[in-house]
Engineer: 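Shown below is the structure under consideration.
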Amino acid sequence: MTVQSALTRWFGKTARPLPWRESGVTPWQILVSEIMLQQTPAIRVAPQWLSWIARWPDAKSLANASPADAIRQWDRLGYPNRALRLRQTAQRIVEEHGGQLPRDEAELRKLPGIGEYTAAAILAFAYEQRSVVLDTNVRRVITRVWHGRERQPATLGSEERTFAEGLVPSTAKAAARWSAAVMEFGAVICTAKKPQCSHCIIKNECAWRLAGFPASEIHTRKQQFHGTDRQVRGIIMQALKTATKSLAMSDLELVWQDSQQVHRALDSLVSDELVEVTKNGRYRLPQ
DNA sequence: GATGCGTGGGG
DNA sequence: TCCCCAAGCAT
């Protein structure tokens with residue numbers, strides 16, 4: 001039995017009951033889940049997806065919502081730019097695609113917030129087309145099982161794409177199932193931090209295990225979060241989301257000790273159109 | 001191609 | 001406490 005069929009069978013038996021996997025979920029709703037899942041764990045997305053879909057079940061309804069409503073409904077999923085782009089995509093779909101999500105990869109990639117991974121995921125999971133779905137889970141599983149290394153390269157290159165494409169089954173349905181299976185396998189078994197190798201059904205095929213689990217080099221430290229503009233942006237957005245009216249600069253300067261940094265973070269939020277300046281020079285979510 | 005962009009949970 | 005990481009994208 002090939003690794004592909006083993007993981008696909010495993011997925012069929014043990015897949016987590018995530019709400020966007022239920023029958024009757026539309027391609028648009030799959031897209032909403034994919035945007036929410038960008039850099040956010042599925043367990044945190046699930047309840048937010050349910051309430052979002054209950055409020056805005058299709059592109060048209062979201063297109064008619066205000067940015068402020070979308071940002072507030074996004075709640076604390078992080079990266080609120082995603083909420084804005086999702087709403088912009090809804091408007092584009094209504095205006096340019098008759099309210100229907102495109103089935104074409106190039107058309108999907110033109111939409112704000114949809115990149116290489118998300119376009120491939122839509123093709124596979126919403127339309128059951130053959131595509132090369134390469135997220136962090138798939139890259140990690142391929143690196144370990146086929147190349148015998150612990151960690152994938154920092155940047156995704158053409159060699160990785162070519163190799164991954166060669167693993168995708170030729171028929172559309174099998175390809176879509178494989179992508180779902182290998183992603184799930186990376187998310188719950190072949191995890192980054194504490195892989196469950198004792199429960200792994202392909203341990204005898206794993207090049208990483210056969211090589212004795214060699215550790216990869218520690219990569220350069222990421223940006224520290226505490227004290228960054230990112231943190232201040234989050235605090236400002238939280239203040240504006242909970243406010244019942246617009247806030248003055250003097251209000252916002254109270255949310256962080258460094259008022260220079262508040263100014264800088266606020267400027268970037270305005271530039272991102274996550275914050276609006278009123279005629280009176282006050283601040284609020286974009287109406 | 002490196003960097004910026006939230007938030008929360010786990011070790 | 002601190003650090004890592006989580007279905008990436010845009011610039």
Side-chain angles (χ1 to χ4, degrees), chain A residues 11 15-16 18-21 30-49 71 74-86 88-89 108-126 131-141 150-158 160 164 176 178-188 190-196 215-216 218-241 261 264-265 267-269 271-275:
Chain A
F11 179 71
R16 293 170 292 175
L18 298 169
W20 47 88
R21 290 175 174 168
I30 300 278
L31 167 61
V32 173
S33 77
E34 290 300 339
I35 301 295
M36 290 183 170
L37 287 162
Q38 291 169 358
Q39 299 283 278
T40 304
I43 188 66
R44 284 181 53 209
V45 167
Q48 292 298 325
W49 181 84
I71 291 166
W74 196 254
D75 198 25
R76 301 188 66 81
L77 281 177
Y79 296 139
N81 259 324
R82 293 184 292 168
L84 282 191
R85 294 188 183 123
L86 183 56
Q88 290 163 1
T89 279
L108 286 169
R109 290 285 302 265
K110 292 179 187 171
L111 297 169
I114 299 185
E116 174 177 348
Y117 160 76
T118 303
I122 296 299
L123 292 186
F125 307 143
S131 67
V132 183
V133 177
L134 261 183
D135 77 327
T136 186
N137 290 306
V138 179
R139 295 183 63 210
R140 185 174 56 251
V141 172
E150 182 190 16
R151 305 290 307 172
Q152 65 271 35
T155 57
L156 172 61
S158 57
E160 258 189 285
W178 156 248
S179 291
V182 67
M183 281 181 65
E184 180 86 350
F185 183 73
V188 305
C190 197
T191 57
K193 249 184 167 175
K194 237 180 53 176
Q196 309 292 304
S216 292
I218 300 164
H219 37 298
T220 60
R221 283 175 56 162
K222 292 180 178 173
Q223 175 196 30
Q224 193 72 16
F225 176 69
H226 193 76
T228 59
D229 286 6
R230 266 164 106 172
Q231 182 182 18
V232 181
R233 283 169 54 108
I235 292 169
I236 292 172
M237 289 302 291
Q238 184 59 19
L240 291 172
K241 279 193 286 188
Q261 197 171 11
R264 191 167 66 239
D267 281 347
S268 74
L269 288 168
S271 168
D272 287 349
E273 299 185 317
L274 282 163
V275 172

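Chain letters run A, B, ... following the sequence lines, proteins first and then strands; every chain starts at 1. These numbers come from a predicted model, not from an experiment.
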Engineer: Could you give the distance separating dT1(C) and dG6(B) at their P atoms, to the nearest angstrom?
Structural biologist: 24 Å
Engineer: Quick check against the 3.5 Å criterion: does Q261(A) have a side-chain atom that pairs as donor or acceptor with the backbone of G227(A)?
Structural biologist: yes
Engineer: Atom CG of N81(A) to atom P of dC5(B): distance rounded to whole Å?
Structural biologist: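 Rounding to the nearest Å, CG of N81(A) and P of dC5(B) are 10 Å apart.
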Engineer: Expressed as a whole number of Å, how far does the P atom of dA7(C) sit from that of dA2(B)?
Structural biologist: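 Approximately 23 Å lies between the P atom of dA7(C) and that of dA2(B).
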Engineer: Return the 5'-most residue of the pair N137(A), I114(A) with respect to DNA chain C, ranking by each residue's nearest nucleotide.
Structural biologist: N137(A)
Engineer: Rounded to the nearest angstrom, tell me the gap between atom CG in L84(A) and atom C1' in dG6(B).
Structural biologist: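 Going from CG in L84(A) over to C1' in dG6(B) covers 14 Å.
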Engineer: Quick check: does any side chain N or O of R21(A) sit under 3.5 Å from a backbone N or O of R16(A), one acting as donor and the other as acceptor?
Structural biologist: yes
Engineer: Between P on dT7(B) and CG on L37(A), what's the gap in Å once rounded to a whole number?
Structural biologist: 18 Å
Engineer: If the C1' atom of dA6(C) is compared with that of dG1(B), how far apart are they to the nearest Å?
Structural biologist: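 It works out to 22 Å between them.
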Engineer: Using whole Å, what does the distance between atom P of nucleotide dA10(C) and atom CD of Q39(A) come to?
Structural biologist: 13 Å
Engineer: Rounded to the nearest Å, what distance is computed from the CE atom of residue M36(A) to the P atom of nucleotide dA7(C)?
Structural biologist: 16 Å
Engineer: Give a yes/no answer on whether the side chain of R85(A) brings an N or O atom under 4.0 Å of OP1 or OP2 in dC5(B).
Structural biologist: no
Engineer: Give A154(A) one of three labels, base, sugar-phosphate or nothing, depending on what nucleic acid heavy atoms sit under 4.0 Å from its own.
Structural biologist: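 Contact class for A154(A): none.
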Engineer: Classify the nucleic acid contact of E116(A) as base, sugar-phosphate or nothing, counting any heavy atom under 4.0 Å across all strands shown.
Structural biologist: sugar-phosphate
Engineer: Return yes if the base of dG8(B) and the side-chain atoms of T40(A) contain a donor-acceptor N/O pair under 3.5 Å, otherwise no.
Structural biologist: no
Engineer: Taking 4.0 Å as the cut-off, does a side-chain nitrogen or oxygen of K193(A) come that near to OP1 or OP2 on dG10(B)?
Structural biologist: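 It does not, given that no N or O in the side chain of K193(A) lies less than 4.0 Å from OP1 or OP2 of dG10(B).
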Engineer: Is T191(A) reaching over with its side chain to a backbone N or O of V188(A), donor-acceptor style, under 3.5 angstrom?
Structural biologist: no
Engineer: Among dA7(C), dT7(B), dC5(B), which is the nearest nucleotide to the side chain of K241(A)?
Structural biologist: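 My answer, after comparing the listed nucleotides, is dT7(B).
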Engineer: What nucleic acid atoms does A121(A) come within less than 4.0 Å of, heavy atoms only: base, sugar-phosphate, or nothing?
Structural biologist: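 Since no nucleic acid heavy atom lies under 4.0 Å of A121(A), the category is nothing.
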Engineer: Which is true for T118(A) with a 4.0 Å heavy-atom rule: it touches a base, it touches only sugar-phosphate, or it touches nothing?
Structural biologist: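 If one applies the 4.0 Å heavy-atom cut-off, T118(A) turns out to touch the sugar-phosphate alone, with no base involved.
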Engineer: NA contact type, W20(A), heavy-atom cut-off 4.0 Å: base, sugar-phosphate, or nothing?
Structural biologist: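 It contacts base atoms.
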Engineer: Quickly work out the L77(A) CG to dG9(B) P distance and round it to whole Å.
Structural biologist: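 The distance from CG of L77(A) to P of dG9(B) comes to 12 Å, rounded to the nearest Å.
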Engineer: Distance criterion of 3.5 Å, no angle test: do you see the side chain of R230(A) paired donor-to-acceptor with the base of dG6(B)?
Structural biologist: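 Flag set: donor-acceptor pair detected.
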Engineer: Checking all strands, does I35(A) fall into the base, sugar-phosphate, or nothing category for heavy-atom contacts under 4.0 angstrom?
Structural biologist: nothing
Engineer: OP1, OP2 of dG8(C) versus side-chain N and O of Q38(A): anything below 4.0 Å?
Structural biologist: no
Engineer: Using a heavy-atom cut-off of under 4.0 Å over every strand shown, decide if R21(A) touches base, sugar-phosphate, or nothing.
Structural biologist: base
Engineer: Looking at D75(A) and Q48(A), what are the two nearest heavy atoms and their distance?
Structural biologist: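 Between these two residues, the closest heavy atoms are OD2-NE2, 3.3 Å.
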Engineer: Pick the closest DNA chain B nucleotide for T155(A) and for R44(A) by heavy atoms, then say which residue is nearer the 5' end.
Structural biologist: T155(A)
Engineer: How would you label the contact of S268(A) with the nucleic acid (heavy atoms, under 4.0 Å): base, sugar-phosphate, or nothing?
Structural biologist: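 Nothing, no heavy atom under 4.0 Å.
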Engineer: Rounding to an integer number of Å, can you tell me how far L156(A) CG sits from dG8(C) P?
Structural biologist: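 These atoms are roughly 12 Å apart.
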Engineer: Taking only side-chain N and O atoms of Q224(A), does any of them lie within less than 4.0 angstrom of OP1 or OP2 on dC3(C)?
Structural biologist: yes
Engineer: Around atom CD of E273(A), are there more than 12 heavy atoms of other residues, nucleotides or ligands at under 6.0 Å?
Structural biologist: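 Open.
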Engineer: Just checking, any donor-acceptor pair under 3.5 angstrom between side chains of R85(A) and Y79(A)?
Structural biologist: no
Engineer: Please state whether the phosphate of dG8(B), meaning OP1 or OP2, lies under 4.0 angstrom from any side-chain nitrogen or oxygen of R76(A).
Structural biologist: yes
Engineer: If you look at every strand shown and take non-hydrogen atoms under 4.0 Å, does R16(A) touch a base, only sugar-phosphate, or nothing?
Structural biologist: base
Engineer: Do any pairs count as a salt bridge (Lys or Arg N to Asp or Glu O under 4.0 Å) and have a residue in residues 35-44 of chain A, sequence neighbours left out, and if so which ones?
Structural biologist: none
Engineer: Can you measure R82(A) atom CZ to dG8(C) atom P for me and round it to whole angstrom units?
Structural biologist: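 It works out to 10 Å between those atoms.
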